[in-house]
Amino acid sequence: RTLDAAGRYVLPGVIDSHVHFRTPGLTHKETWHHGSRAAAAGGVTTVIDMPNTEPPLHSLELAYAKAEMISGQSLVDYRFHFGVREDTVDVLRDLTPRVATSVKVFMTGHHTAPSVIRDPAVLDRIFAVAAERDLRLVLHAEDDGVFSLLDTHRPAPDSYGAYEPHRPRSGGIVAVAKVIDLVRRHGTAAHVLHVSSAEESDMLSAAGAAGLPVTYETTPHHLSFTASDTRRLGARIRLSPAIREERDQECLWRAVVSDQITTLGSDHAPHTPQEKVRPAPDAPPGLPGVQELLTAVFTGLVRRFPHVPLDDHMMLLSRLCAARPAALFGLDERKGALTEGRDADFVVFDPSANWLMSSREAHTKNTWSAYEGWTFTGHVDLTVRRGAVIWDSHDFGDPDGQWLDARPLRLHTARPATV
Ligand code: NCD
Ligand code: ZN
Ligand code: ZN
């Protein structure tokens with residue numbers, strides 16, 4: 001097979017380290033068949049799946065059983081973030097890189113996130129165990145204490161549903177401050193997910209610059225929508241943490257282009273249309289995004305930073321979406337770069353294509369996109385996973401994605417020499 005890539009970029013296959021593909025138990029929202037097609041069409045060759053399934057991923061047995069369920073369904077390679085509940089902290093001591101190198105901690109709860117860690121002593125233990133076992137924590141950092149306090153004086157629900165006055169930015173700021181303090185005390189490596197506000201971004205950039213092992217992610221949704229879009233899109237773009245103001249979005253973009261944000265994750269979190277049209281406080285937060293991740297962020301980059309050379313945008317995207325997620329989660333011996341010895345995972349990307357996104361193009365189970373009606377710049381023409389074409393702009397390849405092993409993270413061996 002010959003390939004004409006004239007005028008195209010070849011990028012390393014995207015590693016989306018934040019998807020909710022909903023197996024087991026929530027397959028009315030998404031399946032691995034559909035989710036991995038959406039991934040392949042978006043240039044994603046590896047995903048790391050979140051543990052808030054039904055039941056949630058709190059045992060080694062379920063991890064092996066889950067891999068078994070996915071086997072033969074997935075176009076893309078996969079890993080799992082392990083989960084934790086207040087009474088399962090000891091299970092983390094038995095984790096091996098085969099099963100997971102990372103643990104997701106929910107500091108607040110909502111519909112699809114029932115296992116909240118509320119007790120500060122338990123949070124302390126989780127940070128201690130993770131530091132001892134070389135596990136990276138990935139955190140949903142919003143503070144449940146702040147929210148429950150506000151819930152008792154809950155204002156009338158916003159009829160648009162996406163903007164959540166009772167789950168304001170202060171919940172995120174308080175939680176991020178707690179995370180930074182815990183990292184300082186335990187030395188745990190912490191990756192804060194879906195950062196939504198200017199304050200959180202500034203705090204995390206400063207903590208990283210000060211040498212703490214904190215990193216952070218933002219999502220294509222937080223970079224693409226603002227609170228004013230909720231007038232049009234309503235609860236469809238309700239997510240947790242909420243979409244915020246223009247000034248937050250500008251701050252996040254600045255943090256992206258100045259290379260302070262560590263990774264981009266799609267937070268692909270589909271629900272059914274029936275679930276999403278419920279009245280505001282009852283609509284579950286989350287929306288699909290694995291297919292749009294690369295294209296939506298590329299579109300934002302070329303529109304907002306038209307004077308930056310395309311090569312620079314592409315290098316930035318390959319750090320944010322491939323090299324760094326591979327390194328953070330122990331996949332960098334196989335993934336994350338187009339170099340000898342790595343898997344032949346790559347994307348042929350046409351940077352000059354302008355095309356209309358519509359729900360008909362969406363491969364997620366419930367076939368819709370919040371970007372319906374957007375003109376995207378940049379198109380994923382071809383996706384190759386371990387040498388096999390899994391997307392060629394029309395058709396998909398074979399669902400023989402593998403459950404990947406990872407290297408041990410060895411987060412705490414490289415202590416600075418004291419002289
Ligand atoms: C996610 C989901 O639906 O699983 N929803 C969301 O709004 N982000 C859960 C999560 O990541 O918090
Ligand atoms: Zn989350
Ligand atoms: Zn999520």
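Positions are given from 1 along the sequence. Reckoned from all heavy atoms, side chains included, excluding hydrogens, waters and symmetry mates.
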Partners passing ring-ring contact (aromatic ring centres under 6.0 Å, His included) against Y371 (at least two apart in sequence or in another chain): F225, W374, F376
Sidechain-backbone polar pair: T364 side chain, T367 backbone, donor-acceptor under 3.5 Å: no
Qualifying residues under side-chain hydrogen bond (donor to acceptor under 3.5 Å, both in side chains), relative to D77, sequence neighbours excluded: K335, R386
Check ion pair R334-D343 (N to O, under 4.0 angstrom): yes
Mutual orientation of the aromatic rings belonging to H18 and H194 [parallel < 30°, tilted 30-60°, perpendicular > 60°]: tilted
Distance-minimising heavy-atom pair for L252 and L223: CB-CD2, 3.8 Å
For S258, all residues meeting side-chain hydrogen bond (donor to acceptor under 3.5 Å, both in side chains), sequence neighbours excluded: Q260
K66 to F80 six-membered ring, cation-pi geometry met (6.0 Å, 45°): yes
Identified side chain to side chain contact (heavy atoms under 4.5 Å, CB included) partner of V14 from the options T383, L293, L317, T45: L293
H34/F21 aromatic ring centres below 6.0 Å: no
Whether F329 and H81 hold their rings parallel, tilted or perpendicular, with breakpoints at 30° and 60°: perpendicular
All pairs passing salt bridge (Lys or Arg N to Asp or Glu O under 4.0 Å) where residues 203-230 contributes a residue, at least two apart: D229-R232
Closest non-hydrogen atom pair between P213 and G187, with its separation: CG-O, 3.8 Å
Test salt bridge (Lys or Arg N to Asp or Glu O under 4.0 Å) applied to E132 - qualifying residues, sequence neighbours left out: R93
Donor on one side chain, acceptor on other, H271 and K29, under 3.5 Å: yes
Selection residues 199-210 - residue pairs positive for salt bridge (Lys or Arg N to Asp or Glu O under 4.0 Å), sequence neighbours left out: R169-E199, E199-R247
Pair listing, salt bridge (Lys or Arg N to Asp or Glu O under 4.0 Å) test, anchored in residues 257-268, at least two apart: D259-R319, D259-R324
Sidechain-backbone polar pair: T88 side chain, V91 backbone, donor-acceptor under 3.5 Å: no
Non-neighbouring partners of H363 that pass side-chain hydrogen bond (donor to acceptor under 3.5 Å, both in side chains), sequence neighbours left out: none
Electrostatic pair D90-R125, nearest N-O below 4.0 angstrom: yes
Under 3.5 Å, sequence neighbours excluded: what are the donor-acceptor pairs made by side chains of residues 171-181?
| from | atom 1 | to | atom 2 | distance (Å) |
| --- | --- | --- | --- | --- |
| K178 | NZ | D143 | OD1 | 2.8 |
| D181 | OD2 | R185 | NE | 3.2 |
| D181 | OD2 | R185 | NH2 | 3.4 |

Lys/Arg N to Asp/Glu carboxylate O, D332 vs R407, below 4.0 Å: yes
Residues which pass ring-ring contact (aromatic ring centres under 6.0 Å, His included) with H221, listed by chain and number, not counting sequence neighbours: none
No-hydrogen, no-angle side-chain donor-acceptor test under 3.5 Å, E142 and S240: yes
Summary of salt bridge (Lys or Arg N to Asp or Glu O under 4.0 Å) pairs that have at least one residue in residues 283-306, sequence neighbours excluded: none
Using distance only, find each side-chain donor-acceptor pair of residues 306-315 under 3.5 Å and give its atom names and separation, not counting sequence neighbours.
| from | atom 1 | to | atom 2 | distance (Å) |
| --- | --- | --- | --- | --- |
| D311 | OD1 | Y9 | OH | 2.4 |
| H313 | NE2 | F305 | O | 3.2 |

Stacked cation flag R385 on W391, 6.0 angstrom / 45 deg: no
Expected output: side-chain T262 to main-chain Y216 donor-acceptor under 3.5 Å: yes
Side-chain donor-acceptor pair present, Q249, T226, cut-off under 3.5 Å: no
